[in-house]
2 protein chains.
Amino acid sequence: MTSLRVRQKAGRRRDILAAAGELFRRDGFDRTSIEGIAERAAVAPGTVYNYFRSKGDLLLALVALDGEEIRADGKRLIARPPADPVAAVNRLLEGYVDHALVYLDKRLWRNIMATALTQAATPFGQGYAELDGKLARQVADLLAALQDRGRLPTTLRCDDAGQILFAVCNTHFMTFVAQDDMPLAAMKEAMFRHIRMVFEGLIAPAGTATPERKRPQADERREPLAT
Amino acid sequence: MTSLRVRQKAGRRRDILAAAGELFRRDGFDRTSIEGIAERAAVAPGTVYNYFRSKGDLLLALVALDGEEIRADGKRLIARPPADPVAAVNRLLEGYVDHALVYLDKRLWRNIMATALTQAATPFGQGYAELDGKLARQVADLLAALQDRGRLPTTLRCDDAGQILFAVCNTHFMTFVAQDDMPLAAMKEAMFRHIRMVFEGLIAPAGTATPERKRPQADERREPLAT
DNA sequence: CTTCAAAAATGGGTCAATTCATTTTTTGAA
DNA sequence: TTCAAAAAATGAATTGACCCATTTTTGAAG
């Protein structure tokens, strides 16, 4: 039976990844050495490379773990979405941002994004790009759900709209991460403002936009209070 | 007079930067060594570090040169903008993309963006972030010009709108750059489509502003599996 | 023309990621 | 149990970015 071998191998992989995660989070990416990771995982430095292509690969592998979690949260929201589209999208995208920052800080996110770009051709690099694609598609799914309930025009191209809204979120997140002194609240405020504008359109005069009822969305996260 | 000294120093800086640019473009960022740059610039390796903090610094310094050029092109467009806002923004943003690719290819752009993220705290890293900000502001300037001519509602927040539209452009550019096999034309097509949608808004009734759009196709991509 | 302090250049040293030839361990079969 | 092939682990060697103590060059005052 190969299962023992497979289990041991998987275990070692997990050990190395766990060690890397602890050190990356504690000391940062640059100040963590492969040798340190190997030591903590009780293997030789060379062994790390039997499981991961590079130091950056380790980092992206860590992020890939969280990716599933993020999408699960989103799926739950889509199952029972807020009636107002703006509020629903705000909530979904805010969830992405919050979740991203639970385990990984700004500094690490800079390294993650940088690595994802330089390693775009490697499996984990592609995986990262795909995660972005999946999240954009999840936004699209949310829009489609709202569309089904008559909260959005049937003519709306949900795919494209999802990409646009996710792009807004992603850009804000990147700007936030790049600037050590930008507070999360400020970033969210700008993001919510832009999400609203995308829904209403740049051409439409401000008041006209809401299609069905002129009901001024009450339950909006209009004033998200200081966090 | 110190001008001779200053001139020589500036000259050496230029030489090093020029050498770096040639080698980066010819061999790529990773395959170019500081030693190679030093040799081509006829200086010792250590001297490079008297002018630039790191290899990445050299790369960002190169991009900073082009930044001015890009904005000059945009300024010309703003002086005599197309009457239609969508066409005007399309033109401006397409200009950004085209200009970015004149001297630097996808592979190098991946390194540029990655370096800008990891070196966000250094002067050139901040300079790169500021360039993004300036370009977004230029989009805003274009919108303001159109607003002055009555082509856009006076209620439009041009600043925010500029950021949104630039975010759309930037995200597409990043996706394009990350995927070696994505053709420029495909990226532009998607970008133009999204720019139009941002102008029209996601909740606007479709008939209002979309004259020639095909019916949305049946969902070709459904959520793959319940994970 | 000297001299000297500041500026610049130098290149050998350090450190860490990555590679790879070699050794050790595991597996399934005899 | 024993054995040979395959898989995995190993750690020393390679490589290249970056640092820094030292040397060289510069500018202008005497």
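Throughout, a chain's letter reflects where its sequence line sits, starting with A, and its residues are numbered from 1.
- Taking the six-membered ring where tryptophan is involved, the planes of A:Phe173 and A:Phe176 are tilted, since the angle between them lies from 30° to 60°.
- In this structure, B:Arg80 has no salt bridge (charged side-chain N to carboxylate O under 4.0 Å, His left out) partners at least two apart in sequence or on a different chain.
- Within the 4.0 Å cut-off from OP1 or OP2 of C:dA8, not a single side-chain nitrogen or oxygen of B:Arg12 is found.
- Residue B:Ile16 contributes atom CD1, which lies 11 Å from atom C1' of C:dA8 at whole-angstrom precision.
- Within a heavy-atom distance below 4.0 Å of DNA chain C, the residues of residues 19-45 of chain B found are B:Val43, B:Ala44.
- As rounded to whole Å, 18 Å separates atom P of D:dA6 from atom CG of A:Asn50.
- Between the C1' atom of D:dC18 and the NZ atom of B:Lys55 lies a distance of 12 Å, rounded to the nearest Å.
- One can place CZ of A:Phe52 at 14 Å from P of D:dA8, the figure rounded to the nearest angstrom.
- Ring geometry for B:His172 versus B:His194: interplanar angle of 30 to 60°, hence tilted.
- If you measure from atom CG of A:Leu59 to atom C1' of C:dA17, you get 15 Å, rounded to the nearest angstrom.
- Residues passing the side-chain hydrogen bond (donor to acceptor under 3.5 Å, both in side chains) test with B:Arg157, sequence neighbours excluded: none.
- For B:Tyr49 and C:dA9, the shortest distance from a side-chain N or O to OP1 or OP2 is not below 4.0 Å.
- Regarding A:Leu58, its CG atom lies at a distance of 13 Å from the C1' atom of C:dT18, rounded to whole Å.
- Taking the charged nitrogens against the carboxylate oxygens, A:Arg110 and A:Asp180 do have a contact shorter than 4.0 Å, which makes a salt bridge.
- Screening A:Thr115, A:Ile34, A:Val48 against A:Lys55 for a side chain to side chain contact (heavy atoms under 4.5 Å, CB included) leaves a single residue, A:Ile34.
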Practice problem: Could you provide the dot-bracket string of DNA chain C, using ( ) for intrastrand pairs, [ ] for crossing pairs and | for bases paired to another strand, with Watson-Crick or G-U pairs below 3.5 Å? | Solution: ||||||||||||||||||||||||||||||
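- If you take CG of B:Asp57 and C1' of D:dA17, they are 13 Å apart, rounded to a whole angstrom.
- Evaluation of the salt bridge (charged side-chain N to carboxylate O under 4.0 Å, His left out) rule for A:Arg40 yields A:Glu22 as partners, not counting sequence neighbours.
- Of the residues B:Ile164, B:Val89, B:Leu92, the one that meets the side chain to side chain contact (heavy atoms under 4.5 Å, CB included) test with B:Ile195 is B:Val89.
- Partners of B:Arg25 by salt bridge (charged side-chain N to carboxylate O under 4.0 Å, His left out), not counting sequence neighbours: none found.
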